[in-house]
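As structure tokens, the structure follows; a few thoughts come after it.
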2 protein chains.
Amino acid sequence: MRPSQALRLWQQVLLSQVRDGEPDLTMRQTAILLTIYLDPPPHTVRGLAARLNVTKPVITRALDTMGALKLVSRHRDELDKRNVLIRRTVEGALFVERFGDGIVARAHELPI
Amino acid sequence: MRPSQALRLWQQVLLSQVRDGEPDLTMRQTAILLTIYLDPPPHTVRGLAARLNVTKPVITRALDTMGALKLVSRHRDELDKRNVLIRRTVEGALFVERFGDGIVARAHELPI
DNA sequence: GGGGACTGAAACGGAAGCGAAACAATTTGC
DNA sequence: GCAAATTGTTTCGCTTCCGTTTCAGTCCCC
């Protein structure tokens, strides 16, 4: 893949997301969402903050927003009640799946 | 490309952007930026709003933000003084170039 | 040359984000 | 048992964004 093709693909994917009125997540939020859905659980606030090199309130706020969108859910860890475990949701899985399919579709539409 | 690979690529690119402390643009802002740098000029507020299916103030505000970051610049159209022409900047071109190179690099790091 | 159309920006109230610091709740270690 | 450490959340003051509406400047055309 050449940089020009990569950029064009990125543009087309973003354009389709924006035009379809999908939630306007920030890069950080999208990075958190994909990490939750692609990396093996369990996921904690601390772990995500370390993985993204951001502060914990950034994660908390992103979870607030994405929780309201029902893209993720929070549950207190019963073994260590200080921890919060972040879990996937049906809606979030569908969103991520649609996103992945969208990338592949845009890739196929690209000029050679 | 399979959806799972596409998602993993997307995640890795976003993670590297976030970790490196690059500006945390929204999807909309990134879509606008890439459209300015990939689609042929001239670019106007109205044209971008139509291309992204958003309202004009959204474009105006995004240009405010990205102008402050020196990623784009605005110039009054001398032929039709109602128009504002959005132009690329050296800093913006470097940012987009770095972004494209980053995508390619992450793509090469992906497992098969 | 004057009324209507068009373009981009500004105003408004509300929502959400930021970093830094302070805060409960819980666990750990002595 | 109790101070210290750890986890996630909340608060603070500030900035940015949203959609809607309104506004100022410019062009067009009769």
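Lettering follows sequence order; numbering is per chain, from 1.
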**Prompt:** D:dG8 P sits how many Å from A:I86 CD1, rounded?
**Reply:** 7 Å
**Message:** Test of understanding: with side-chain hydrogen bond (donor to acceptor under 3.5 Å, both in side chains), list the residues that count as partners of A:D77, not counting sequence neighbours.
**Reply:** none
**Asked** In whole angstroms, how far is the P atom of D:dT7 from the CG atom of A:L63?
**Response** 16 Å
**Message:** What I'd like to find out is whether the side chain of B:L69 reaches to under 4.5 Å of the side chain of B:F95, using heavy atoms alone.
**Reply:** no
**Request:** Classify the side chain of A:R61 and the base of C:dG19 as holding, or not holding, a donor-acceptor pair under 3.5 Å.
**Result:** yes
**Asked** Of the residues in residues 20-38 of chain B, which ones touch DNA chain C at a heavy-atom distance under 4.0 Å?
**Response** none
**Request:** Taking only heavy atoms on the protein side, list every residue of residues 43-59 of chain A lying under 4.0 Å from any atom of DNA chain C, sorted numerically.
**Result:** A:T55, A:P57, A:V58
**By side-chain hydrogen bond (donor to acceptor under 3.5 Å, both in side chains) - contacts of A:S73 (at least two apart)** = A:H75
**Item:** Phosphate contact (D:dT9 OP1 or OP2) by A:T60 side-chain N/O below 4.0 Å
**Value:** yes
With a 3.5 Å cut-off and sequence neighbours excluded, list the donor-acceptor pairs that the side chains of residues 11-19 of chain B form with protein atoms.
| from | atom 1 | to | atom 2 | distance (Å) |
| --- | --- | --- | --- | --- |
| B:Q11 | OE1 | B:R8 | NH1 | 2.9 |
| B:Q11 | NE2 | A:T35 | OG1 | 3.1 |
| B:Q11 | NE2 | A:D39 | OD1 | 3.4 |
| B:S16 | OG | B:Q12 | O | 3.3 |
| B:S16 | OG | B:V13 | O | 2.8 |
| B:R19 | NH1 | A:R51 | O | 2.7 |

**Request:** Kindly write out the residues that satisfy side-chain hydrogen bond (donor to acceptor under 3.5 Å, both in side chains) with B:R46, not counting sequence neighbours, or none if the list is empty.
**Result:** none
**Prompt:** OP1 or OP2 of D:dT26 less than 4.0 angstrom from a side-chain nitrogen or oxygen of B:N83, does that happen here?
**Reply:** no
**Request:** Would you please name every residue forming a side-chain hydrogen bond (donor to acceptor under 3.5 Å, both in side chains) with B:R98, sequence neighbours left out?
**Result:** B:E22
**Request:** List, by chain and then residue number, the residues other than B:L94 in its hydrophobic cluster (Ile/Leu/Val/Met/Phe/Trp/Tyr, side-chain heavy atoms under 4.5 Å); write none if there are no others.
**Result:** B:V90
**Fill in**
side chain to side chain donor-acceptor pair (under 3.5 Å) pairs touching residues 55-68 of chain B, sequence neighbours excluded, are B:D64-B:R74
**Item:** Nucleotide C:dA16, atom P - distance to CG of A:D64 in whole Å
**Value:** 10 Å
**Fill in**
Contacts satisfying salt bridge (charged side-chain N to carboxylate O under 4.0 Å, His left out) that involve residues 83-97 of chain B (not counting sequence neighbours) are none
**Request:** Assign a letter to each nucleotide of nucleotides 23-30 of chain C from its 5' end: B, base within under 4.0 Å of a protein heavy atom; S, sugar-phosphate only; -, no contact.
**Result:** ---BS---
**Partner set under ring pair (Phe, Tyr, Trp, His ring centres under 6.0 Å) for A:F99, not counting sequence neighbours** = B:W10
**Request:** Send over the distance from B:R76 CZ to D:dT26 P, rounded to a whole Å.
**Result:** 7 Å
**Request:** To the nearest 0.5 Å, tell me how far A:M27 CE sits from A:Q29 CD.
**Result:** 12.0 Å
